[in-house]
Amino acid sequence: MGFKRLLASMGAGGASVETVLTEANVVPGGVVQGEVRIQGGSVDQQIEGLSVGLQARVEVEGGDQEVKQDIEFTKQRLGGAVEVKAGAVHVVPFGLEIPWETPVTSLAGHQLPGMNIGVTTELEIARAIDAGDLDPINVHPLPAQQAILDAFGQLGFRFRSADMERGHIRGTRQRLPFYQEIEFVPPQQYRGLNQVEVTFVADDREMDVVLEMDKKPGLFSEGSDSYRAFKVGLNSFQDTDWAAYLNQWLAAVGGKRNWA
């Protein structure tokens, strides 16, 4: 079942555009299939260009506050100029590749709050550009990502929130202008931790996994952040016991309160 929406009418008697996604469930590195349907109005019109892309709403730090910004992070042009006859229907199919770094928007069948990613459609007509609303897509974790997330669950961590932030994580393979943080609440056994944030930065072979561990303050020390990063092969992740692997770091950082 596809998601449909009407972009806009291009003036009185003008064409209208509808985008239909064949399947809204995808994974990073996959392809979202769909078609753009241009319905001719009461007069012939020249369409100068048509494109589809992916857009995310991310947090941007601005002074003392964070603001939301829509960022288009991939774009595909669908052919060149074409004339749409009055009353005719012009259908343009597309297959839009999902970048490997695309954030996850759905976990265990549940939509993550605040994760807004979708397909945009842009129509150029009469030297003007009409950009429509977002057709949401559901980005599910890669198997390697799911293995890491499952390991946190096995260790007793609970999902708290997720967000997308504009910026770059140094030392990773990141190419997009933003990244995702998935935040977990630790169980009692990691009593020295407030929270743990996980970021995946993938390509077609492997991914960087970045952990930001927020330590609780001690009697004579302030709270602090501890960072760890490691690589996971997309085709070899099954060779590791990720719950045991993560526990080594998490226990060392947050296994007890720092009273020193």
Side-chain angles (χ1 to χ4, degrees), residues 21 23-34 51-60 69-77 94-108 111-112 114-120 134-153 159 162-184 196-213 226-243 245-246 248-249:
L21 303 184
E23 176 57 69
N25 294 291
V26 297
V27 294
V31 177
V32 57
Q33 304 279 355
S51 62
V52 292
L54 289 174
Q55 178 180 289
R57 176 159 290 182
V58 307
E59 293 183 0
V60 181
Q69 181 182 15
D70 292 330
I71 295 180
E72 186 176 58
F73 58 98
T74 190
K75 192 172 186 177
Q76 177 181 326
R77 191 170 180 87
F94 65 86
L96 184 61
E97 293 185 1
I98 307 298
W100 289 94
E101 292 179 47
T102 302
V104 172
T105 68
S106 182
L107 287 180
Q111 185 71 18
L112 297 181
M115 295 296 97
N116 297 306
I117 295 180
V119 176
T120 60
L134 212 60
D135 281 309
I137 59 173
N138 304 314
V139 185
H140 299 268
L142 292 165
Q145 295 170 334
Q146 189 64 59
I148 301 296
L149 296 170
D150 287 345
F152 274 98
F159 170 80
D163 62 11
M164 295 180 285
E165 297 187 12
R166 181 160 191 162
H168 189 274
I169 302 177
R170 189 183 310 175
T172 68
R173 69 198 70 221
Q174 183 184 346
R175 302 177 69 176
L176 295 183
F178 61 93
Y179 57 90
Q180 180 183 41
E181 290 182 332
I182 301 174
E183 183 179 321
F184 290 98
V196 176
E197 293 177 337
V198 184
T199 296
F200 299 119
V201 186
D203 61 19
D204 60 341
R205 298 177 298 104
E206 60 182 8
M207 66 180 178
D208 300 312
V209 181
V210 182
L211 305 183
E212 180 180 351
M213 293 167 277
S226 181
Y227 296 87
R228 296 289 187 276
F230 55 93
K231 294 178 174 55
V232 179
L234 298 188
N235 297 314
S236 59
F237 67 92
Q238 306 97 326
D239 302 334
T240 300
D241 181 344
W242 292 111
Y245 184 85
L246 291 172
Q248 290 181 350
W249 281 353

Any idea which heavy atoms bring [X] and [Y] closest together, and the distance?
X      : Y      : value
Gln174 : Ile169 : OE1-N, 2.8 Å
Ser106 : Pro141 : O-CD, 3.4 Å
Val32  : Leu21  : CG2-CD2, 4.2 Å
Ala162 : Leu112 : CB-CD1, 4.1 Å
Ile71  : Pro177 : CG2-CG, 4.0 Å
Gln33  : Gly95  : OE1-CA, 3.7 Å

Aromatic centroids of Trp249 and Phe230 separated by under 6.0 Å: yes
Could you tell me the separation between the [atom1] atom of [X] and the [atom2] atom of [Y], rounded to the nearest 0.5 Å?
X      : Y      : atom1 : atom2 : answer
Leu211 : Ile182 : CG    : CD1   : 11.5 Å
Ile98  : Thr74  : CD1   : OG1   : 8.0 Å
Ser236 : Arg205 : OG    : CZ    : 11.0 Å
Asn138 : Leu107 : CG    : CG    : 11.5 Å
Gln76  : Leu96  : CD    : CG    : 5.5 Å

Side chain to side chain contact (heavy atoms under 4.5 Å, CB included) evaluation trace for Val60 with Phe178: CA-CA 9 Å; Val60 181; Phe178 61 93; over 6 Å; no
Could you check whether any side-chain heavy atom of [X] comes within less than 4.5 Å of a side-chain heavy atom of [Y], counting everything from C-beta outward?
X      : Y      : value
Gln55  : Leu134 : yes
Ile117 : Phe73  : yes
Val210 : Val198 : no
Met164 : Met115 : yes
Asn116 : Val58  : no
Gln145 : Pro28  : yes
Glu197 : Thr199 : no
Leu54  : Pro99  : yes

With no hydrogens and no angle check, is any side-chain donor or acceptor of [X] less than 3.5 Å from a backbone partner on [Y]?
X      : Y      : value
Thr240 : Phe237 : no
Glu101 : Arg175 : yes
Trp100 : Met207 : no
Thr172 : Asp208 : no
Asp203 : Glu206 : yes

Donor on one side chain, acceptor on other, Arg57 and Gln69, under 3.5 Å: no
Glu72-Thr120 side chain donor-acceptor pair, cut-off 3.5 Å: yes
Chi angles and distances behind the side chain to side chain contact (heavy atoms under 4.5 Å, CB included) call for His140, Val104: CA-CA 6 Å; His140 299 268; Val104 172; over 6 Å; no
Mutual orientation of the aromatic rings belonging to Phe152 and Phe184 [parallel < 30°, tilted 30-60°, perpendicular > 60°]: parallel
Trace of the side chain to side chain contact (heavy atoms under 4.5 Å, CB included) decision for Tyr179 with Glu165: CA-CA 6 Å; Tyr179 57 90; Glu165 297 187 12; 3.4 Å; yes
Enclosure of Asp239 CG (heavy-atom neighbours >12, cutoff 6.0 Å): yes
Candidate pair Asp163 and Gln180, rule side chain to side chain contact (heavy atoms under 4.5 Å, CB included), full reasoning: CA-CA 6 Å; Asp163 62 11; Gln180 180 183 41; 5.9 Å; no
